[in-house]
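Here the structure is laid out as structure tokens; the discussion comes afterwards.
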Amino acid sequence: MALTNEFVLEKIRTRFPEAVLQVDEPHGLLTLEVTPEINVELLQFVKEDKDLQMAFLTDICGIHYPDQVNRELGVIYHVHSLIHNHRLRFKCFLPAQDPKIRTAVGVFAGANWMERETFDFFGIQFAGHPNLIRILNMEDMTYHPLLKQYPLEDPTREDKNDTYFGR
């Protein structure tokens with residue numbers, strides 16, 4: 001049986017009726033926004049469900065939307081069923097003043113380093129993580145470099161001619 005996005009969505013909505021907040025299918029990839037409280041349960045469900053078998057965690061990453069009040073930071077999960085060659089992406093959004101979500105290390109051991117990288121670059125705390133320390137940046141850094149807190153260019157710079165850059 002080939003999986004379809006409709007079938008996967010129906011299985012998830014049946015199991016978590018109140019948790020799916022938004023559904024999209026960019027380029028055919030089923031993308032859900034879900035409440036952050038179910039991140040671990042959803043990963044466990046899609047991994048262990050006999051119909052879905054999404055047993056490969058492809059990626060965990062962060063995103064920062066500074067203009068979305070109380071939803072500034074997000075954690076994005078990508079899972080894949082190797083048996084059905086079907087993918088699912090889901091997102092959980094968190095407030096910037098308290099960006100905490102539960103760790104997925106108990107479901108996927110490979111989540112360990114992905115969560116450390118997301119913490120390192122975005123400052124998202126993964127509650128229950130066995131070793132949540134910086135993985136790519138220096139330990140004494142006091143900021144998280146992928147947060148959109150600084151302008152892309154120095155507005156006081158006078159030595160640059162924008163016509164050379166197609167602007």
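Counting from 1, the numbers follow the sequence of the chain as shown. We use all heavy atoms of the structure for the numbers below, so side chains are in, but hydrogens, waters and symmetry mates are not.
Taking each heavy atom of N131 and H129 in turn, the nearest pair found is N-ND1, 2.9 Å. C92 and T35 get closest at one heavy-atom pair: SG-O, 4.1 Å. For the residue pair E72 and N70, the shortest heavy atom distance occurs at OE2-N, 3.1 Å. In terms of heavy atoms, P99 sits closest to G123 at CG-O, 3.7 Å. Smallest separation of non-hydrogen atoms from F108 and M54: CZ-O, 3.8 Å. Residues V107 and K47 come closest through the heavy atom pair O-NZ, 2.7 Å.
With sequence neighbours left out, the ring pair (Phe, Tyr, Trp, His ring centres under 6.0 Å) criterion links H78 to no other residue. Taking the ring pair (Phe, Tyr, Trp, His ring centres under 6.0 Å) definition, one finds that F126 meets it with nothing, sequence neighbours left out. For the ring pair (Phe, Tyr, Trp, His ring centres under 6.0 Å) test, residues two or more places apart in sequence or in another chain that qualify with F119 are H144.
P36 is not listed as a side-chain neighbour of V75, based on a closest heavy-atom distance of 4.5 Å or more. Residues T103 and L132 form no side-chain contact, since every pair of their non-hydrogen atoms from C-beta on lies 4.5 Å or further apart.
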message: Using side chain to side chain contact (heavy atoms under 4.5 Å, CB included), reason through V23 and L30 one step at a time and then give a plain yes or no.
response: CA-CA 7 Å; V23 178; L30 180 59; 3.9 Å; yes
field: Verdict with reasoning, F16 to V34, per side chain to side chain contact (heavy atoms under 4.5 Å, CB included)
entry: CA-CA 9 Å; F16 305 100; V34 300; over 6 Å; no
- request: Assess whether side chain to side chain contact (heavy atoms under 4.5 Å, CB included) is satisfied between L73 and L147, documenting all intermediate values.
  value: CA-CA 9 Å; L73 291 168; L147 293 179; 3.5 Å; yes
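Summarising the geometry, atom CG belonging to D120 is positioned 7.5 Å from atom CD1 belonging to I135; distances are rounded to the nearest 0.5 Å. Note that CZ of R71 and CD1 of I63 are 11.0 Å apart. Values are rounded to the nearest 0.5 Å. Put simply, NE2 on H84 and CG on D51 are 7.0 Å apart, with the number rounded to the nearest 0.5 Å. Put simply, CD1 on I124 and CG on L146 are 10.5 Å apart, with the number rounded to the nearest 0.5 Å. Here the straight-line distance linking atom CG of L9 with atom OG1 of T31 works out to 11.0 Å at 0.5 Å rounding. Summarising the geometry, atom CG belonging to N5 is positioned 8.5 Å from atom CG belonging to L88; distances are rounded to the nearest 0.5 Å.
Crowding of E139 atom CD: a count of heavy atoms from other residues, nucleotides or ligands under 6.0 Å not exceeding 12. Heavy-atom contacts from other residues, nucleotides or ligands closer than 6.0 Å to CD of E18 number 12 or fewer.
Hydrophobic clustering (ILVMFWY, side-chain heavy atoms < 4.5 Å, transitive): F93 and V69 are in distinct clusters. A single hydrophobic cluster is seen to contain both L94 and L32, as judged by linkage of ILVMFWY side chains at heavy-atom distances under 4.5 Å, directly or through other members. Note on I60: it clusters hydrophobically with F45, by side-chain heavy-atom contacts below 4.5 Å among ILVMFWY residues. Put simply, L3 and V20 are part of the same group of oily side chains (I, L, V, M, F, W, Y) that touch within less than 4.5 Å, one to the next. In the hydrophobic cluster analysis, where Ile, Leu, Val, Met, Phe, Trp and Tyr join through side-chain heavy atoms closer than 4.5 angstrom, V105 is grouped apart from W113.
A donor-acceptor distance shorter than 3.5 angstrom exists from the side chain of S81 to the backbone of L52, with no hydrogens or angles considered. A distance-only check finds no donor-acceptor pair linking the side chain of R87 to the backbone of H80 [under 3.5 Å]. A distance-only check finds no donor-acceptor pair linking the side chain of K91 to the backbone of G74 [under 3.5 Å]. Put simply, the side chain of R102 never gets that close to the backbone of A127: no donor and acceptor are under 3.5 Å apart.
Below 30°, between 30° and 60°, or above 60°: for Y77 and F90 the angle between ring planes is below 30°, a parallel geometry.
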